[in-house]
Amino acid sequence: MVAITLPDGSVKSFPQPVSGVDVATAIGPGLAKAALAMKVDGALVDLKKVIDRDARIEIVTGKSPEALELIRHDVAHVLAEAVQELYPGTQITFGPATEDGFYYDFVREQPFTPDDFGKIEARMKEIIDRNEEIVREEWQGADAVKHFESTGEKYKAEWVQEIANRGEKISIYRQGKWLDLCVGPHLPSTGKLPKAFKLTKLSGAYWRGDAKNAQLQRIYGTAWASESDLKAHLTRLEEAEKRDHRRLGREMDLFHVQEEAAGSVFWHPKGWTLWRTLEGYIRRRLEDGGYVEVKTPQLVDRRLWEQSGHWDKFKDAMFLATPRAEGASVEEGDRVYAIKPMNCPCHVQIFKQGLKSYRDLPLRLAEFGACHRYEPSGALHGIMRVRAFTQDDAHIFCTEDQITAESIKFCDLLRQVYGDLGFSDVRVKFSDRPAIRAGEDAIWDKAEKALKDASKAAGLETTLNPGEGAFYGPKLEFVLRDTIGRDWQCGTLQVDFVLPERLDASYVGEDGAKHRPVMLHRAIFGSFERFIGIVIENYAGKLPLWLAPVQGIVATIVSDADDYAREVVKKARAAGLRVDPDLRNEKIGYKVREHTLAKVPLLLAVGRREAEQGTVAVRRLGTGSDAQETLALDEAIARFAKEADVPHA
RNA sequence: GCCGACGUAGCUCAGCGGUAGAGCAACUGAUUCGUAAUCAGUAGGUCGCGAGUUCGAUUCUCGCCGUCGGCACCA
């Protein structure tokens with residue numbers, strides 16, 4: 001006798017062990033047809049799994065939140081089956097579900113091309129039509145290894161061997177003639193799959209994620225429960241493309257990049273205005289936060305980098321410069337400079353000037369430091385990942401006892417700034433001690449606790465990023481997501497006991513003896529380039545008034561209003577607004593369209609009526625002509641000047 | 001760095017073994033117009049760079065550079 005409890009609380013009893021299929025059928029034929037899998041006491045399993053004890057069961061259908069992942073995983077299998085049917089000799093490796101779809105990694109001499117997609121998709125649909133039953137089997141390790149070796153599946157065999165070595169059972173899923181090693185769960189048959197999928201992209205991927213290993217061919221796809229969901233997803237992708245900072249940067253004439261300076265940004269007047277506005281804003285926040293600003297050299301002798309430890313670990317990513325003419329050899333003893341990849345060693349040099357006392361701590365040295373790193377060519381991305389960037393960097397020199405308070409202060413400041421810039425969902429990763437690290441465990445305990453306390457006190461929820469801390473200390477990473485779903489680390493807070501030691505920084509304590517300060521490395525934007533990119537995407541280019549490089553356009557309707565328009569511009573500028581005239585001989589509709597596309601927040605239209613009455617017709621970005629209002633000039637300017645105020649305490 | 005795709009006018013893109021085309025933008029002229037494109041005309045290109053094949057290469061082949069999508073990396 002097996003008692004099955006259903007989600008509504010009702011209990012169904014069965015005389016003998018039952019599968020999910022039996023349970024669903026007992027409830028109704030509609031459900032039996034829709035059933036994809038089930039949850040037994042909360043665990044997702046195959047619908048065909050037989051239950052021989054009392055349990056709570058929930059039938060998973062296409063409408064269940066778990067369904068998508070199941071479907072995507074199954075579609076990945078169908079993709080692999082299709083590929084192996086179409087391209088014999090291709091080896092399979094892994095194929096999981098992803099955030100919005102799936103991928104499968106293959107091994108094949110000949111590269112796949114996007115032209116193959118149509119053919120593969122057609123075969124996948126065929127496999128779904130075949131309605132192949134999906135069956136789970138348990139194999140002996142040796143048998144599985146033998147099977148995969150005999151079919152030439154070297155990668156699968158390697159993986160199976162490892163599982164067998166651990167003494168675990170081998171779980172095989174078979175669909176039709178095709179089979180794969182997989183823990184499941186899966187749908188009962190391929191016919192249950194919706195055909196709402198699409199192969200999207202092709203890429204290389206290293207076996208086991210290690211660049212030292214062979215590179216596999218990865219085919220990505222997206223899969224949904226229904227055709228309309230698929231369409232909606234593709235539409236979302238198109239919309240996201242319109243928010244891409246690279247596209248908006250060009251359309252809004254903010255910046256460009258070009259071949260001769262790959263990985264460096266040419267800032268145009270409007271883009272640079274945006275930069276300076278942000279810089280002015282953050283500078284004021286830092287001043288309020290008790291920071292002092294410094295500026296340190298671009299070129300620094302390699303000896304300092306050797307001392308700091310960067311040379312050993314990061315010299316491949318450092319640009320070097322020598323003072324000698326081209327062609328001259330760089331000999332032993334000659335000066336070799338590195339263009340700084342970071343600011344910390346230089347800030348320590350400032351700290352070390354003169355004798356520091358405990359009364360000087362905490363000392364918060366801030367710099368908008370331009371750094372250069374030779375990033376791998378494949379890593380470059382718009383202005384988000386570049387080789388030349390400016391950090392809103394600061395190092396807080398403090399005592400161990402001050403770590404917690406300083407960390408809290410920083411998290412508060414960061415929250416304030418992100419709030420001002422319209423970021424509501426910030427993910428915070430807490431990266432704790434890595435396997436290879438410097439410093440005593442007691443110090444790590446202290447540092448980790450300080451960071452944890454600080455993020456909690458600032459009301460931040462963190463997710464653990466185990467073992468990903470820097471070798472010198474744990475870190476908080478503040479991650480923002482761009483419009484195409486990529487995550488970027490922007491803010492960071494790192495506790496460092498190592499650099500002060502290596503660079504011999506010290507202060508005189510209350511006891512009159514020398515002590516080592518602790519360094520907190522911290523950034524809010526991370527880099528101006530990356531952060532501006534994210535800001536642009538977050539606002540889809542429609543920047544709030546205070547950030548917009550061109551805040552308003554005064555557009556004339558007839559040339560009789562030219563003089564009045566000039567007067568409006570003059571007064572607006574006197575009030576600190578960034579306003580330009582548009583006196584061109586064009587219809588107002590043309591001007592409206594153009595400045596709307598350029599994402600100018602305010603359009604002040606002036607015709608004869610406005611000139612006579614001393615008013616402006618205000619049309620705001622994102623609203624239509626019906627929402628416009630006519631305001632007295634002085635009133636309008638006062639209102640907008642107030643609205644355009646840079647946020648501050 | 002690795003795999004794949006791509007690189008044609010300012011932008012978006014078409015073309016293709018016989019040295020290039022469209023729309024928008026630009027420029028000139030006309031038009032003075034009330035909220036997302038007024039009309040007409042003109043001009044604009046070493047087809048990323050360098051080799052090779054060919055009578056002839058933007059087109060085919062190779063190399064390099066860059067961009068894009070991933071992977072790896074990200075102090």
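It should be emphasised that the depicted structure is a prediction, and the values quoted were computed from it without experimental measurement. In what follows, chains are A, B, ... by sequence order, proteins preceding strands, each numbered from 1. As a basis for the values below, the full set of heavy atoms in this structure was taken, side chains included, without hydrogen atoms, waters or symmetry mates.
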base_contact_polar (B:C11 base, A:Arg250 side chain, donor-acceptor, <3.5 Å): no
Base, sugar-phosphate or nothing for A:Ala317? Non-hydrogen atoms, less than 4.0 Å. base
Aromatic ring proximity, centroids under 6.0 angstrom, A:Tyr87 and A:Phe112: yes
With a 6.0 Å cut-off on ring centres, are A:Phe525 and A:Phe389 close enough? no
Could you tell me whether A:Ala470 contacts a base, only the sugar-phosphate backbone, or nothing, with contacts defined as non-hydrogen atoms closer than 4.0 Å? nothing
How far does the P atom of B:C68 sit from the matching atom of B:U61, given to the nearest Å? 25 Å
Run the salt-bridge test on A:Arg208 and A:Glu158 with the 4.0 Å N-O cut-off and return the result as yes or no. yes
Consider the side chain of A:Tyr590, meaning its heavy atoms from C-beta on, and name the nucleotide among B:A75, B:A26, B:A36 that approaches it most closely. B:A26
Contact letters for nucleotides 59-67 of chain B, in which S counts primed atoms plus P, OP1 and OP2 and B counts the base, heavy atoms under 4.0 Å: ------BSS
Touch check for A:Phe471, heavy atoms < 4.0 angstrom, all strands: base, sugar-phosphate only, or nothing? nothing
Heavy-atom count around A:Lys154 NZ within 6.0 Å, excluding the residue itself: above 12? no
When you get a sec, tell me which of B:G4, B:U35, B:C71 is the closest nucleotide to the side chain of A:Arg218? B:C71
B:C73 and B:G21: how far apart are their P atoms, nearest whole angstrom? 50 Å
A:Lys587 side-chain proximity, nearest of B:A26, B:G34, B:C33: B:C33
P atoms of B:G10 and B:G4, separation to the nearest Å: 31 Å
Just checking A:Tyr103: base, sugar-phosphate only, or nothing, at a heavy-atom cut-off of under 4.0 Å? nothing
Just call it for A:Pro341: base, sugar-phosphate, or nothing, with non-hydrogen atoms closer than 4.0 Å on any strand. base
Mutual orientation of the aromatic rings belonging to A:Phe266 and A:His256 [parallel < 30°, tilted 30-60°, perpendicular > 60°]: parallel
Measuring only the C1' atom in each nucleotide, how far is B:G45 from B:C13? A whole number of Å is fine. 15 Å
Here the distance between atom C1' of B:A75 and atom CG of A:Leu499, to the nearest Å, is 10 Å
Regarding the side chain of A:Pro376, the nearest nucleotide among B:G69, B:G1, B:C74 is B:G1
Distance criterion of 3.5 Å, no angle test: do you see the side chain of A:Arg385 paired donor-to-acceptor with the base of B:C73? yes
Among B:A36, B:G69, B:G34, the one nearest A:Ile557 by side-chain distance: B:G34
With no hydrogens and no angle check, do the side chains of A:Gln349 and A:Thr296 hold a donor and an acceptor under 3.5 Å apart? no
Using the P atom on both, measure B:U67 against B:U59 and round to a whole Å. 22 Å
Measuring centre to centre across the rings, with the benzene-like ring taken for any Trp, is A:Tyr220 within less than 6.0 Å of A:Phe117? no
Please work out if A:Leu216 contacts a base, only the sugar-phosphate, or nothing of the nucleic acid, heavy-atom cut-off 4.0 Å. nothing
Measuring only the C1' atom in each nucleotide, how far is B:U53 from B:C62? A whole number of Å is fine. 11 Å
Please state the P separation for the pair B:G1 and B:A37 - nearest whole angstrom. 47 Å
Is there a donor and acceptor pair, one atom on the side chain of A:Glu610 and one on the base of B:G34, closer than 3.5 Å? yes
Classify A:Ser625 by what it touches in the nucleic acid, base, sugar-phosphate, or nothing, heavy-atom distance under 4.0 Å. sugar-phosphate
Using Watson-Crick and G-U wobble pairs whose two distances are both under 3.5 Å, how do you write the pairing of RNA chain B as dot-bracket, with | for links to another strand? (((((((..((((....[..)))).(((((.......))))).....(((((..]....))))))))))))....
Presence of A:Arg486 side-chain N/O under 4.0 Å of B:G70 phosphate oxygens OP1/OP2: yes
When the P atoms of B:G41 and B:U35 are compared, how many Å lie between them, rounded to an integer? 28 Å
